[in-house]
Amino acid sequence: MPEQSSAKPSFGLENFTTLPQLLVNSVERYGEREALRQFDKETKSWHSLSYAQLMVRVMEWRRAYAAMNLERGTRIGILMPNSIDHACADQAALANGLVPVPLHAIDTPGASAFILSDSRAKVLVTNKLTRWKQIKAAGGDLQDLTAVIITENEVDDETGMVRGLSEWLAAGTHVVELPEGPKEDDLAGIVYTSGTTGRPKGVMLTHGNIVSNVKATLECVFPQVGDIFLSFLPLSHTFERTAGYYLALATGCTIAYNRSVLLLADDLKTIRPTVIISVPRVYERIFARVHDKLKKSRPAARYLFDWAVEIGWRDFCRRNHLPGEHTGRAWLDGLMRPLVRKVSSTLLDQFGGRLRIAISGGAALSSKVARTFCGLGLPIIQGYGMTEVSSAATVAAGLDNKPGSVGIPMVNTVVAAFEPGTDQELPIGQRGELCISGPCLMKGYYNKPEETAILLRRHPDGRVWAHTGDMGYLDEDGFVYLDSRIKRMIIRHDGFKVFPSMIENVVSRHPAVHQCSVVGCADKDHTQGRLPFVYIVLKADTTAKKKQVIRELERMCAEELPEYVQPVAYKFISSMPMTPVGKVDYRQLEADISPRDY
């Protein structure tokens, strides 16, 4: 299968500093090319807009916003699935100098009400009237909200506050003069974090932040004009928003919107994307689907599949100057290489057959999954970052790739390890808090100067650094390695620190283990301190007994880990609980531990 080309294309973005400039540039360059595609439920067919048609639609929305006489910087709440209307609401707001506030489409009404209140949004654009009624019923201070636009329902509201889309757009037809566009330092969005440590915080990202991240991404990921992105991560997720939306439209690509997560497998085969942006969970599901299919095959088929992965992985390591695996049958690689091409179709067909670029972010990707994908010709590009740095800060792609690392810092971005909570930089190879500096750093948390000051700190070197709360280190070649969140770090009663990844790296190598996660539990023998507790999801086809697996894991951990790192107990579950954005819900795992478990 074709990998991403090593030749970097030019999209003419060098002199642009705002998001509307990127869209205008694409309209001028790629006017008649397909920009957006979505499924029309009424006609039961896929509907497309070219770049020129998209701009016509955006201009209609711009005039409707202008007719409301909104001040520059007014916050616009957007609560919709990924769709053409979502893109229009966002692009028109940006072009008018307004500030989009994307809300998670599957969030609770109370959570949506909180974000609307906290951001002091004046306008809410949502697709269903029932959504608005549920938010209103949830309570909360919504006194700043003056208008609600409903895109999919006709509305009969005597107060005039709630309006249907066609009526609202019609009100802007008389507008001739549109507001001036934004500047580089103007806000391009307030994106709320997931709130795993309390109430969500509004991350203020400027046009300069996001455009710099788009440009930096294009230095290591090379989409081609006409590539098709399948969009299924929520646009309230900065990873999808930057890499799967703004970048795609800036490079003349097509964004096809997934009908629903339940139909993702069908849409992959219908749309046949060339690029996808995803969290590890999706790749892991496809990996599991391939293995489920192999389970029903003859033993010879499974043997040949594993052999093809082995050959392909050696080739991948050789191309990328990485240490490879040498087995007794490596001398047969040249003869058996056609097997890799044949077997790779088993994996590639799950994505529609023509996937060229696969990007993973938001959490660590299993080494077993990464090895299989890379070995069969689909090297997954991994990134590391956070909402507060506009998305990714490091990328592992092509030659900038080492097993276990999250890559090297992106262009104009600096990453270093510091003694946690200080400005003391640590030597190469020493674990500390990973900090990030560069043009991607957020402006701050909305209305939270104290919390902004905790995360963004000016060091003696004159740079402002984002203290990520993640533990890791850098090697002598500049590759970044991620251990875990500082908040996930388990501190024992005697002061020893246990990083969950130390145990997870050992446990995940057991042939019966499909997934594992390590969290802290109370130390029953001491008033303070916590101990590492392991959750395990077994492979569906394993025949190993649970007691046998535990004995083998205890032996593996005893041989490879220090005494203070040994897990206190193991617990088997059917699946890992996940957050709405596809990450393991560690808080839920901790809450599910009972005294009887250890």
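Residues in residues 412-444 take part in these ring pair (Phe, Tyr, Trp, His ring centres under 6.0 Å) pairs, two or more places apart or across chains: Phe418-His459, Phe418-Trp465.
In this structure the side chain of Glu34 never reaches within 4.5 angstrom of the side chain of Ser50, judged on heavy atoms. Counting heavy atoms from C-beta on, the side chains of Leu13 and Leu218 come closer than 4.5 Å. At a threshold of 4.5 Å between non-hydrogen side-chain atoms, the residues Leu235 and Pro102 do not count as touching. Pro420 is listed as a side-chain neighbour of Met471, based on a closest heavy-atom distance under 4.5 Å. Residues Leu36 and Leu249 are in side-chain contact: their nearest non-hydrogen atoms beyond the backbone lie under 4.5 Å apart. Looking at Leu54 and Cys88, their side chains come closer than 4.5 Å, going by heavy atoms from C-beta outward. Looking at Leu247 and Pro223, their side chains come closer than 4.5 Å, going by heavy atoms from C-beta outward. Ile276 has its side chain out of reach of Ile359: every pair of non-hydrogen atoms, C-beta onward, lies at least 4.5 Å apart.
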TODO: Report the C-alpha separation of Lys215 and Glu219 in whole Å, then their side-chain angles, then the decisive distance to 0.1 Å, and conclude whether the salt bridge (charged side-chain N to carboxylate O under 4.0 Å, His left out) test is met.
DONE: CA-CA 7 Å; Lys215 291 179 180 179; Glu219 293 292 325; over 6 Å; no
- [ ] Show your reasoning for whether side chain to side chain contact (heavy atoms under 4.5 Å, CB included) applies to Thr468 and Met386.
- [x] CA-CA 8 Å; Thr468 66; Met386 58 196 302; 3.7 Å; yes
- [ ] Applying side chain to side chain contact (heavy atoms under 4.5 Å, CB included), run through Phe351 and Tyr283 and close with a yes or a no.
- [x] CA-CA 10 Å; Phe351 295 95; Tyr283 298 112; 4.1 Å; yes
Open item on the list: side chain to side chain contact (heavy atoms under 4.5 Å, CB included), that's the test. Do Phe232 and Val261 meet it? Break it down for me.
Closed with: CA-CA 7 Å; Phe232 51 90; Val261 174; 5.6 Å; no
TODO: Kindly indicate, with the supporting measurements, whether the criterion side chain to side chain contact (heavy atoms under 4.5 Å, CB included) is fulfilled by Ile408 and Val395.
DONE: CA-CA 6 Å; Ile408 62 172; Val395 171; over 6 Å; no
TODO: Could you give me the CA-CA distance, side-chain angles and deciding distance for Asp186 and Arg72, then say whether salt bridge (charged side-chain N to carboxylate O under 4.0 Å, His left out) is met?
DONE: CA-CA 10 Å; Asp186 289 341; Arg72 291 180 67 80; 3.3 Å; yes
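Between the side chain of Arg457 and the main chain of Ile454, a donor-acceptor pair closer than 3.5 Å is present. In this structure a side-chain-to-backbone donor-acceptor pair under 3.5 Å is missing from Asp477 to Phe479. Counting only distance, with no hydrogens or angles, the side chain of Glu240 and the backbone of Ser236 share no donor-acceptor pair below 3.5 Å. Of the possible donor and acceptor atoms, none in the side chain of Tyr30 sits under 3.5 Å from a partner among the backbone N and O of Asn25. Looking at His467, its side chain never comes within 3.5 Å of a backbone N or O of Cys435 through a donor-acceptor pair. Arg272 places a side-chain N or O within 3.5 Å of a backbone atom of Gly352 that can act as its donor or acceptor partner. Side-chain atoms of Thr74 do not come within 3.5 Å of backbone N or O of Leu98 as any donor-acceptor pair. A donor-acceptor pair under 3.5 Å is formed between the side chain of Glu433 and the backbone N or O of Gly469. Side-chain N or O atoms of Thr274 include one that pairs as donor or acceptor with a backbone N or O of Ile228 at under 3.5 Å. Judged by distance alone, the side chain of Arg75 and the main-chain N or O of Gly73 form a donor-acceptor pair under 3.5 Å.
Closest approach of Trp61 to Ala92, counting heavy atoms only: CB-CB, 3.4 Å. Minimum interatomic distance between Pro182 and Ala95 (heavy atoms only, all atoms of both residues): CD-O, 4.0 Å. Taking both residues in full, the closest heavy atoms of Thr413 and Cys440 are given as OG1-SG, 4.2 Å, listed atom of the first, atom of the second, then distance. The two residues Val275 and Leu355 have their closest heavy-atom pair at N-CD1, 3.7 Å. Closest approach of Ile428 to Glu476, counting heavy atoms only: CG2-N, 3.5 Å. Of all non-hydrogen atoms in Asp107 and Ser112, the two that sit nearest each other are CB-OG, 4.1 Å.
The closest side-chain donor-acceptor pair between Gln91 and Tyr245 falls under 3.5 angstrom. Side chains of Ser437 and Arg463: a donor on one and an acceptor on the other come within 3.5 Å. Judged by distance alone, the side chains of Tyr445 and Glu450 never bring a donor and an acceptor atom under 3.5 Å apart. Donor-acceptor pairing under 3.5 Å is recorded for the side chains of Tyr192 and Asp118. A donor-acceptor contact closer than 3.5 angstrom links the side chains of Asp475 and Tyr481. Between the side chains of Ser360 and Gln382, no donor N or O sits under 3.5 Å from an acceptor N or O. One side chain, Asp470 or Tyr384, offers a donor N or O that lies under 3.5 Å from an acceptor on the other. Counted by atom type alone, Asn82 and Ser231 present one or more donor-acceptor pairs between their side chains at under 3.5 Å.
Atom CG of Asn505 and atom SG of Cys516 lie 8.0 Å apart (nearest 0.5 Å). In this structure, Ile357 CD1 and Ile277 CD1 are separated by 8.5 Å, a value rounded to the nearest 0.5 Å. Taken to the nearest 0.5 Å, the SG atom of Cys220 stands 4.5 Å off from the CE atom of Met410. To the nearest 0.5 angstrom, Thr206 atom OG1 is 10.0 Å from Leu441 atom CG. Interatomic distance, Asn209 CG to His207 NE2, rounded to the nearest 0.5 Å: 10.0 Å. Leu230 contributes atom CG, which lies 6.0 Å from atom CG of Leu264 (distance to the nearest 0.5 angstrom).
With respect to the salt-bridge test (charged N to carboxylate O, under 4.0 angstrom), the residues Lys443 and Asp185 do not qualify. A salt bridge links Arg356 with Asp227: the closest approach of a Lys/Arg side-chain nitrogen to an acidic carboxylate oxygen falls below 4.0 angstrom. Ion pairing of Arg62 with Glu180 is absent here, as no side-chain N (NZ or NE/NH1/NH2) approaches a carboxylate O to less than 4.0 Å.
Among the candidates Arg431, Arg488, Glu504, the single residue satisfying the side chain to side chain contact (heavy atoms under 4.5 Å, CB included) test with Phe499 is Arg431.
Taking the six-membered ring where tryptophan is involved, the planes of Phe239 and His237 are tilted, since the angle between them lies from 30° to 60°.
The side chain to side chain contact (heavy atoms under 4.5 Å, CB included) check on Leu589 picks up Ser517, Val519, Tyr535, Ile573, Met576, Pro577, Val584, Tyr586, with sequence neighbours excluded. With sequence neighbours left out, Pro409 forms a side chain to side chain contact (heavy atoms under 4.5 Å, CB included) with Val415, Val480.
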